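Keep in mind the model is a prediction, meaning the values are calculated, not measured.
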Amino acid sequence: MDTLALDLARFQFAFTVAFHIIFPSFTIGLASYLAVLEGLWLKTNNEKYIQLYKYWLKIFAVSFGMGVVSGIVLSYQFGTNWSVFSDKTGPILGPLMGYEILTAFFLEAGFLGVMLFGMQRVGKKLHFASTCVVAFGTFLSAFWILSVNSWMQTPAGYAINEVGQFIPDDWFAIIFNPSFPYRLVHMLLASYLTTALVVSAVGAYHLIKAPHNPLAKTMFSMALWMITIVTPIQIIAGDLHGLNTLQYQPAKVAAMEGHYQSHDGAPLILFGIPDDQAKEMRYQVAIPKLGSLILTHDLNGRVEGLDAFPESDHPPVSIVFWSFRVMVGIGFAMLMIGLFSLWLRKKGRLYDMPLFHRVCIVFGPAGFVAVLSGWITTEVGRQPFTVYGLLRTVDSASPIDALAISFSLAAFVVVYLCVFGAGFFYLIRLMRKSPTRYEKSLDPRLADGAQVPPASHPNRLT
Amino acid sequence: MDYALIWYGLIGLAVLIYVVLDGFDLGIGILFPKATEESERDLMMNSIAPVWDGNETWLVLGGGGLFAVFPLAYSIVMPALYAPLMIMLLGLVLRGVSFEYRFRTKRGKFIWDTSFFVGSLAAAAMQGIMLGAMLQGIEIEGRSYAGGWFDWLTPFTLFCGFATICAYALLGACWLVIKLPNELAERYYGVAKRWGLALVFCIVIVSAWLPLSQQIVSQRWFNLPNSILYFTVPVMAVICIWQLFKSLNNHRAVRAYLFAIGLFLVSAIGFSVSTFPYIVPFAVTYSDAAAPDSSLKFLLAGTAFLLPMVIAYSAYAYWVFRGKLKHEEGYH
Ligand code: HDD
Ligand code: HEM
Ligand code: HEM
């Protein structure tokens, strides 16, 4: 296996999985949002909720379709790119993914049709049940796949047989491996936040266009409550996640923190340029002792740097260092947005502060950036292993030559950019349409999209 | 108990269900250019829009199941079929997104109509080619694939690709006869007959070609007393074909569809009696490739009640959308 083929295979896998995760991080959150909207509609009988539901349902359908097709590609990529890895980990990871298919994918797929097309055929209650089932399916899918990923990060409950395969010893320990609960919580919250950011951006956009648009108000307010409440929880969850990583993958944390050397009373490095050759952080801006305080909860606690690990086990520092900062930076920016929205609510100005609305629009895609940088931190930080400490990436790859991978990689890049590029275009177009297009039944006097003099603004309810 | 054998059967079942369900689904893609007007294409698309995702999930189960219970086979077959697999996946991407995209644009609709057709055709052809490549045998060394990068590309595999296109188009046409409004459906009886004829031709050729080129296969089929048992397979095939055409002639749509499926079933039996007990023909048997019993048991425990449930609610989803399509249906 030459290194060129290996690098190509890695790049191809990273490309396809990174494309895939964009969609689940949106659809997991959106499915739950839709369930909430439909539930509110059934409970309050308020038309605005079902109109919002219909508005987001179309967006959901397009994103879900993209998530499904990019996911199907992934389920085969394990075998095509990482055949040795598949042979060795199949007995453990295979059944977990099998359960993902049987409990989650079928559930989502089976009820998606009813959710999208079945309102007239099954009636309100069953339709609501289908929406809930789809949302629950996305949760189950995240549960199993994150268990799989976490086992690769912090393997537990296994033995190794005579042909070198990992074989199960204790299924409970395998599924609930040490990093799994943290990763599951962190990722689910990440999806809710990602969705909330998109919803708030769409709401903000329509508020700027029509300040009294009632549906835009509702979605904007709902999304900002979500951001305000969930972001602090996410920051705490992320901190706990990091402490767990410190325990099981200390080299990864050293790379995230940018510590080449071990310290007692380590500083918290805010920024700097990692230099892997010289093994030092150039131009660093740091707060003394804070690093130790965060990681050990003691001002003079000992924090291990990369020098504590054999060089052959070092992950690449700069990628991990930077992607981690991007994610954390976005997390704190979201905290600010949430707090500011509280203040605006108190002043009663949530809906008439165009500058804030512009900020929300700019932050619309930030959740995706945070999710991707989080995954890059996680996955690059565990290099050079695919099963941490046990199976190296070099020893995981398929015996495929560089030429074949180059061709398929090129094909993936071209097809994905065209197909998903078009998808993004359609999504943006759907989001730019005013949700009040569905207002017809709210106010029968107004024709769809009719021009109305400013005095009776088409978006005003009364 | 031989858990590996149970799993061999279950994976086979998943693949068979996949072929039958996604078969008509891909078949509609293959027949897409046959539609004369846009409204007809809309109807064709809407006849599968609520179920296509579920159909394709059986493919995920086939691949994922192989990874779980026969990891060695998965890790040999995937690299061996690298190129056709990649093309199939790209084809599935192209057709999968068309379901939503084509209703999101007017100007660009023809692009997604084309990509639906091309993607379906490519996926069908590649599935046939992969089947052919398996029948042809896969070369291994130790625990990994050892053949060349174009071993999958032979006249035999290409022919199998063509056969699969015919088979899926037949299923697609039968489905359309059932689902389309009467005035549009009529035409597809003829379409089904033509593709059915092509399929029969392919089956005859493959049945002759395979034993001639594979000694292992011919020994099985042409050795008394086994032959007597084996030759019930072609007899069943003949019955299915005869009934299929009879139903098409009498315009009995559901019956035709069921016999088309019967033909698939018989072909699957033919395939498995030719290759059993190999899971990577003719190199690795199912018991060599199996994961340890602890993995097989763990997954089987859940599958035993999950699979019937999956089948039940998938059937429910079909039931919800039963009957002929009306022009104004679909949420778009
Ligand atoms: C909206 C998304 C989002 C936001 C705002 C944050 N994260 Fe995060 N983070 C993720 C989305 C994410 C992720 C994509 O979901 C990851 C990758 C794997 C995982 O479980 O979560 C992740 C991984 C990840 C890891 C690596 C864990 C490992 O070793 O696998 C750490 C230590 C943190 N996060 C910590 C934080 C902290 C301290 C945050 C506070 C600001 C934070 N995250 C905000
Ligand atoms: C939970 C399911 C996931 C599994 C099972 C998984 C598995 C893997 C495996 C086997 C590799 C090995 C190849 C390598 O290290 O080079 C890898 C690398 C990688 N994965 Fe993941 N991954 C998962 C999720 C994700 C997600 C959601 C992303 C999103 C961006 C991601 C990003 C990456 C990247 C960027 C690499 C390349 C790292 C590098 O080698 O430099 N992974 N992953
Ligand atoms: C490398 C790892 C991964 C593989 C092999 C994989 C595989 C798949 C497959 C095959 C599908 C399509 C299923 C269908 O037919 O409906 C899918 C969809 C999905 N995946 Fe992944 N996946 C991976 C990573 C992830 C991660 C990390 C998450 C979330 C935490 C995730 C969440 C989902 C969800 C929610 C869907 C449903 C479709 C959607 O929401 O867009 N997957 N995945």
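When each of L59(B), L94(B), L66(B), L307(B) is scored by its heavy-atom pairs under 4.5 Å with chain A, the top score falls to L59(B). The most heavy-atom pairs under 4.5 Å with chain B, out of G98(A), S130(A), G118(A), S408(A), come from S408(A). Contact tally against chain B (heavy-atom pairs below 4.5 Å) for P91(A), G113(A), C418(A): the top residue is P91(A). Among D169(A), L107(A), V415(A), the residue with the largest count of heavy-atom pairs under 4.5 Å with chain B is L107(A).
Within the structure, the side-chain hydrogen bond (donor to acceptor under 3.5 Å, both in side chains) test picks out the following pairs touching residues 107-130 of chain B (sequence neighbours left out): Y426(A)-W112(B), Y18(B)-Q127(B), E38(B)-K109(B), R41(B)-D113(B), D42(B)-K109(B), R95(B)-S120(B), S98(B)-S115(B), R102(B)-D113(B), Q127(B)-Y168(B). Listed by first and then second residue, the salt bridge (charged side-chain N to carboxylate O under 4.0 Å, His left out) pairs that reach into residues 393-414 of chain A come to none, sequence neighbours excluded.
Inspection of non-hydrogen atoms places A291(B), P292(B), S294(B), S295(B), F298(B), L299(B), A301(B), G302(B), T303(B) of residues 287-305 of chain B under 4.5 Å from chain A. Of residues 67-89 of chain B, those residues lying under 4.5 Å from chain A by any heavy-atom pair are F67(B), A68(B), P71(B), L72(B), Y74(B), S75(B), M78(B), P79(B), Y82(B), L85(B), M86(B), L89(B).
Residue L102(A) touches chain B through both its backbone and its side chain, counting heavy-atom pairs closer than 4.5 Å. In this structure, chain B has heavy atoms under 4.5 Å from both the backbone and the side chain of L93(A). Heavy-atom distances place the side chain of Y313(B), and not its backbone, under 4.5 Å from chain A. With a 4.5 angstrom heavy-atom cutoff, V122(A) touches chain B only via side-chain atoms. At a 4.5 Å heavy-atom cutoff, the contact between W58(B) and chain A is made by backbone and side-chain atoms alike. Contacts of V93(B) with chain A are made by both backbone and side-chain atoms, with heavy-atom separations under 4.5 Å. Using a 4.5 Å cut-off between heavy atoms, L430(A) touches chain B through its side chain atoms alone. For F407(A), no part lies near chain B; criterion is any non-hydrogen pair under 4.5 Å.
The shortest side-chain heavy-atom distance between T105(B) and F425(A) does not fall under the 4.5 Å cut-off.
Note: F117(A) and F321(B) have perpendicular aromatic rings, judged against thresholds of 30 and 60 degrees for the angle between ring planes.
Here the closest heavy-atom approach between residue A411(A) and residue L90(B) is recorded as CB-CD1, 3.6 Å. Closest approach of V62(A) to Y101(B), counting heavy atoms only: CG1-CE1, 4.0 Å.
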M66(A) and E100(B): CA distance, side-chain angles, deciding distance, side-chain contact (heavy atoms from CB on, under 4.5 Å) verdict: CA-CA 9 Å; M66(A) 297 200 271; E100(B) 282 298 323; over 6 Å; no
Please step through side-chain contact (heavy atoms from CB on, under 4.5 Å) for the pair R121(A) and W319(B), ending with a clear verdict. CA-CA 10 Å; R121(A) 286 175 178 251; W319(B) 174 249; over 6 Å; no
Does the side-chain contact (heavy atoms from CB on, under 4.5 Å) test come out yes or no for F106(A) and L306(B), once each step is laid out? CA-CA 10 Å; F106(A) 275 115; L306(B) 285 169; over 6 Å; no
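Note that OG1 of T57(B) and CD1 of I101(A) are 9.0 Å apart. Values are rounded to the nearest 0.5 Å.
Side chain of R429(A) to backbone of R104(B): a donor-acceptor contact under 3.5 angstrom is found.
Other residues, nucleotides and ligands place more than 12 heavy atoms under 6.0 Å from the OH atom of Y318(B).
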